[in-house]
Amino acid sequence: MTDEIPVGHAPIVAAITPDGRHVYVTNFGSSSVSVIDTTTRSVIATIGVTSGPWGVTVAPDGLGAYVAGFGSDTVAVIDTTTNRVAASVPGLDKPLGLTVSRDGSRLYVASQGGNRVDVISTATNTLITSVPVGTGPRNVAVTPDGTQLYVTEEGANAVTVINTATLTVIATLPGFLFPRAVTPSPDGQRVYVTEYGGNRLDVIDTATHTVVHTVTGLSIPFGVAVSHDGLLAYVACNGDDSVSTIDLVRNEIIDTVPGFHAPSWLVVTPDDLNVYVVNNGNETVRVLPTPSGAYPDVGPLSGGTAVNIIGEGLGDTTAVRFGCQPAASFTVLNDQEILAVSPRLVTDVEIEATVGQLTTRTVGRFYYLPDSVLTGISPTSGPLSGGGTLTVTGRGLITTTSVRFGTVAVTPSSVLDDKVTVTVPPAHTAGPVPVTVVTRSNSYGHSTFTYVGPPGITSVTPSSGSTAGGDPVLIVGTELASTQLVTIGGVAAAFGIISDTRIAAVTPPAAAPGPANVTVTTAGGTTTAPGAFVYA
């Protein structure tokens, strides 16, 4: 079976159907779309479309494909059951990248000429609205939960984030150099962006909208695709005609395959065993097997890590060993993949597979890590708006990949073996949430962080007293349990917390008679009651 498939003139972008049976490739130079059958690895249809097809995406149900017509300012709608153009949507402005919402109801299109993202109803195939963004939008990607749309803007050297519910820009991330492709991780915690001018892959935390990691050493990267298990990323590099494989746990390049021809785009098959790479330079699509090895390649001493073993000729495997110990269990999925569960061990080991009854060979390496332990967090509370720095202390934290606040995962800003720092994400409601540390050993530790609403003051009793100070007062209000400071007339007052609604304080001396502001500062913020206490 061939691993290089001829397509049309100047191919650019590819998209794969959810069942993995077909790959659709846009041919910019011949105004067509090639349809590849992944079983036979051959082109089974060539669909004529309007001038300059660029981006292509497939609907979640696999029944439709959408093609951006850069030369015609339209989007072509292809019926994938017949491989014919069923409709054309006008009104765009030099469209390039596009993607479908997770429920299939909307199509988001980067209209580069209009500096906007156009939103199309897939039910009516009509343009329903546009969202203004920065200069030169290029590609778009929606997070798996469907709530956020990420837009790369080459003209502005930025990435914009759009709230899909309100269709408004909620964040703009500067500092990129010709950002091009963009794709989310399967769990939605991260978004990956190639910098065509910066020779790197950026990792964006979707909770904080910040770049938390950068993978360098990529020569003019163009397209990026992520495996469905979220462990690997594949990057097409124009500069040296290669495809690099990146370990997304370590955020480092683990393999580089040369011999491509101006690779522009790539897609991963649903079984994660093959990558289809568009060669713009020689007008082909090359099928690249995923690299052999064990993924993930780390786990706790206690065992229990599910490991995908990728290789060739594994279909007759009768035993899998981690070092000298047999796997806790294993399942042969096909001739190229085994799912094994690590046993309990105390060091890093080679993984061996016995194929048939006679042949044993090393198929990967697995590293055992000490279990992580979380001993505490500081601070233990903060405002609903988030934004402060939280420090996690413990041991075995050096491989921390994320810190979860309830269901929200945040990538750490600093990681040491005994300390991890992270920016607290915002929350919608006040109250405690579990804080969980996730490490590469798949071990967990947890504590509790309490989100505190903003405080309020409803009364100060008595409301007057001597300028000499020393008068006890009762401050009544809301969200007062985390009070950190009380000032009267701008001077710190001794205080004691009675409950979430009451604080006892002692007035400090005043320089002169008159009204004084009463201010309370809590973990949730600061509130002031103007002139609530009068010095007589």
Side-chain angles (χ1 to χ4, degrees), residues 7-17 22-36 43 45-60 62-101 104-133 135-142 149 151-155 180-182 222-223 264-267 278 280 283 285:
V7 290
H9 181 48
I12 297 290
V13 176
I16 192 167
T17 54
H22 298 106
V23 174
Y24 287 76
V25 182
T26 56
N27 303 309
F28 185 82
S30 53
S31 295
S32 66
V33 174
S34 297
V35 185
I36 297 173
V43 173
T46 299
I47 307 167
V49 293
T50 53
S51 173
W54 193 276
V56 59
T57 189
V58 176
L63 298 179
Y66 302 91
V67 180
F70 183 81
S72 60
D73 293 334
T74 63
V75 166
V77 183
I78 295 174
D79 182 339
T80 56
T81 62
T82 63
N83 283 327
R84 295 181 178 178
V85 175
S88 179
V89 184
L92 293 94
D93 192 344
K94 297 296 179 287
L96 287 174
L98 71 173
T99 191
V100 187
S101 63
S105 65
R106 289 177 173 177
L107 184 70
Y108 302 104
V109 187
S111 271
Q112 189 180 61
N115 296 326
R116 68 186 194 234
V117 171
D118 291 323
V119 184
I120 294 171
S121 166
T122 58
T124 61
N125 289 324
T126 56
L127 176 62
I128 54 177
T129 191
S130 298
V131 182
V133 293
T135 306
R138 181 103 188 189
N139 287 296
V140 291
V142 67
L149 183 76
V151 187
T152 55
E153 300 166 356
E154 284 193 329
R180 185 150 289 194
V182 56
F222 199 109
S264 60
W265 211 259
L266 22 66
V267 292
V278 178
N280 180 265
E283 301 181 346
V285 171

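For the single chain, residues carry numbers from 1 onward in sequence order.
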Q. What's the shortest heavy-atom distance between Val56 and Ala14, and which atoms?
A. CG1-C, 3.8 Å
Q. Measuring from Tyr66:OH to Leu98:CG, what's the distance to the nearest 0.5 Å?
A. 9.5 Å
Q | Sidechain-backbone polar pair: Ser32 side chain, Gly48 backbone, donor-acceptor under 3.5 Å | A | no
Q.
Testing the basics here: between Gly8 and Ser34, what is the closest heavy-atom pair and its distance to 0.1 Å?
A. N-OG, 3.6 Å
**Q.** Minimum-distance pair of heavy atoms, taken over all atoms of Thr50 and Gly69
**A.** OG1-CA, 4.3 Å
(Q) Suppose we screen for side chain to side chain contact (heavy atoms under 4.5 Å, CB included). Which residues come up paired with Asn83, at least two apart in sequence or across chains? (A) Tyr24, Val35, Ala45, Ile47
Q. What are the two closest heavy atoms between Ser111 and Pro137, and how far apart are they?
A. O-CG, 3.6 Å
Q. Below 4.5 Å, heavy atoms only, C-beta onward: do Thr99 and Leu149 meet side chain to side chain?
A. yes
Q: Can you measure from CG (Leu96) to CD1 (Ile12) and round to the nearest 0.5 angstrom?
A: 9.5 Å
(Q) Whether the side chain of Glu283 engages the backbone of Val7 through a donor-acceptor N/O pair (distance < 3.5 Å, no angle test) should be reported. (A) no
Q: Work out which heavy atom in Ala15 is nearest to a heavy atom in Val58; give both atom names and the distance.
A: CB-CG2, 3.9 Å
Q) Distance from Gln112 atom CD to Arg138 atom CZ, nearest 0.5 Å? A) 6.0 Å
Q. With a 4.5 Å heavy-atom cut-off, do Leu127 and Val119 have their side chains touching?
A. no
(Q) If we ignore hydrogens and angles and just use 3.5 Å, is the side chain of Asn27 paired with the main-chain N or O of Gly29 as donor and acceptor? (A) no
(Q) Do Asp73 and Pro95 make a side-chain contact, defined as non-hydrogen atoms from C-beta onward lying under 4.5 Å apart? (A) yes
Q: To the nearest 0.5 angstrom, please state how far the OG atom of Ser30 sits from the NE2 atom of His9.
A: 7.0 Å
Q) Side-chain contact, heavy-atom cut-off 4.5 Å: Tyr108 with Ser101? A) yes
Q) With a 4.5 Å heavy-atom cut-off, do Arg106 and Val100 have their side chains touching? A) no
Q | Main-chain N/O of His22 paired with Thr17 side-chain donor or acceptor, under 3.5 Å | A | yes
Q | Partner of Val89 under side chain to side chain contact (heavy atoms under 4.5 Å, CB included), chosen from Asp118, Leu107, Ile120, Val109 | A | Ile120
Q: May I ask you to test the Val13-Val25 pair for a side-chain heavy-atom distance under 4.5 Å?
A: no
Q | Approximate separation, where rounding is to 0.5 Å, of Asn139 CG and Arg180 CZ | A | 8.0 Å
Q. Thr152 side chain to Val182 main-chain N or O, any donor-acceptor pair under 3.5 Å?
A. no
Q.
Does any part of the side chain of Val85, heavy atoms only, come nearer than 4.5 Å to the side chain of Val77, both counted from C-beta?
A. no
Q: Work out which heavy atom in Val49 is nearest to a heavy atom in Ala76; give both atom names and the distance.
A: CG1-CB, 4.3 Å
Q | Close side-chain approach of Val67 and Ile78, heavy atoms under 4.5 Å | A | yes
Q: Report the relative orientation of the aromatic rings in Trp54 and Phe28; use parallel for angles under 30°, tilted for 30 to 60°, perpendicular for over 60°.
A: perpendicular
**Q.** Atom pair CD (Glu154) and OG1 (Thr135), whose distance is rounded to the nearest 0.5 Å
**A.** 11.5 Å
**Q.** Backbone N/O of Gly136 and side chain of Asn115: donor-acceptor pair under 3.5 Å
**A.** yes
Q | Residues in side chain to side chain contact (heavy atoms under 4.5 Å, CB included) contact with Ser121, at least two apart in sequence or another chain | A | Ala123, Thr124, Thr126, Ile128
